[in-house]
S.K.: 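Got a structure here, written out as structure tokens. Questions coming.
Because the structure is predicted, anything quoted here is derived from the model rather than measured. All values below were derived from every heavy atom in this structure, side-chain atoms included, with hydrogens, water molecules and symmetry-related copies excluded.
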Amino acid sequence: MESLGLFLHKKFEALTVFKSFKICVEKEAGAFITCLRTDRGGEFTFKKFVDFCTQQDISRQLTATYTPQQNGVAERKNRTIMNAEVTFNNDADQSISESISEQIESPVARRATRIRRPPTWMTDYETNLLVEEDDELLAMMLTESADPHTFEEACTSQQWREAMKVEMEAIEKNNTWQLVDPPAEVTPIGIKWVFKTKFNENGHVEKYKARLVAKA
């Protein structure tokens with residue numbers, strides 16, 4: 001699956017662009033977006049954006065203030081785009097310079113030589129890098145849709161069986177409960193398993209977490 005990037009001309013376009021992004025991604029992947037990680041910019045936290053995510057059952061993950069490394073996939077993607085822009089502009093400048101030089105020096109076929117320097121405001125970026133498409137952004141947003149929803153689904157995977165084993169060992173170690181016969185007039189509350197894939201700040205899977213909780 002290829003990466004999909006949509007650009008904003010103004011920050012207030014964030015909700016409109018995200019709706020278009022959501023339709024394209026879900027159609028391409030055949031799965032629903034269930035989690036969205038953003039920074040705490042106003043374009044992502046204003047009421048209409050939050051209400052839309054709530055209506056679509058999309059959980060939100062907001063990075064800590066001044067910690068762009070927690071949104072590493074998007075930051076790397078932004079850097080790739082900026083590097084591509086600088087490379088493109090430099091190549092365009094070189095082509096124009098060579099064309100002018102050939103016209104002036106004709107018929108002597110020589111290419112003008114010049115030292116190309118990126119503008120000072122781009123000194124924080126590396127230039128002339130190969131631009132590669134990556135799937136990390138979509139993978140991070142869509143992985144949660146693959147989390148099992150039932151005990152039966154989880155039992156088919158070794159990683160989730162190990163996660164459930166760790167949870168049961170913790171419950172037994174902490175003496176969370178004691179098994180007793182319920183009183184005749186009391187209806188016991190049921191329990192269920194909840195499964196969640198945890199990611200680190202780089203968007204990579206950190207661990208598989210299984211929790212045994214009471215049913216609501």
S.K.: Using modelled atom types and a 3.5 Å cut-off, is there a donor and acceptor pairing between side-chain atoms of Ser59 and backbone atoms of Thr34?
M.R.: yes

S.K.: How long is the gap from NZ on Lys209 to NZ on Lys196, to the nearest 0.5 Å?
M.R.: 13.0 Å

S.K.: If only atom types and distance count, is the side chain of Glu167 paired as donor or acceptor with the main-chain N or O of Leu212 below 3.5 Å?
M.R.: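 Between the backbone of Leu212 and the side chain of Glu167 there is a qualifying donor-acceptor contact (under 3.5 Å).
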
S.K.: Should the pair Glu169-Lys173 be classified as a salt bridge under the 4.0 Å nitrogen-to-oxygen rule?
M.R.: no

S.K.: Classify the side-chain pair Thr38/Arg60 by whether it contains a donor and acceptor separated by less than 3.5 Å.
M.R.: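 Present: a donor and an acceptor within the cut-off.
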
S.K.: Taking all heavy atoms of Phe49 and all of Leu36, pick out the closest pair and write down the distance.
M.R.: CE2-CD2, 3.7 Å

S.K.: Hey, could you give me the CD1/CZ distance between Ile58 and Phe52, rounded to the nearest 0.5 Å?
M.R.: 5.5 Å

S.K.: To the nearest 0.5 Å, what is the distance between CD on Glu43 and CZ on Phe12?
M.R.: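 So the CD of Glu43 and the CZ of Phe12 are separated by 12.0 Å.
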
S.K.: Within the distance-only criterion (no hydrogens, no angle test), does the side chain of Asn200 pair as donor or acceptor with the backbone N or O of Glu206 below 3.5 angstrom?
M.R.: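 Pair absent, no side-chain N/O of Asn200 close to backbone of Glu206.
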
S.K.: Which value, rounded to the nearest 0.5 Å, describes the distance between Asp147 atom CG and Trp160 atom CH2?
M.R.: 4.5 Å

S.K.: Do you know the tightest heavy-atom contact between Met164 and Ala154?
M.R.: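 Met164 and Ala154 have their closest heavy atoms at CE-CB, 3.9 Å.
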
S.K.: At what distance, to the nearest 0.5 angstrom, does OH of Tyr208 lie from CD of Gln158?
M.R.: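 Answer for the OH-CD pair, Tyr208 versus Gln158, is 12.0 Å.
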
S.K.: For the OG1 atom of Thr197 and the CD atom of Gln159, what is their distance to the nearest 0.5 Å?
M.R.: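 If I round to the nearest 0.5 Å, the distance is 7.0 Å.
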
S.K.: Quick one: closest heavy-atom pair of Glu153 and His149, and the distance?
M.R.: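 That would be OE1-N, 3.0 Å.
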
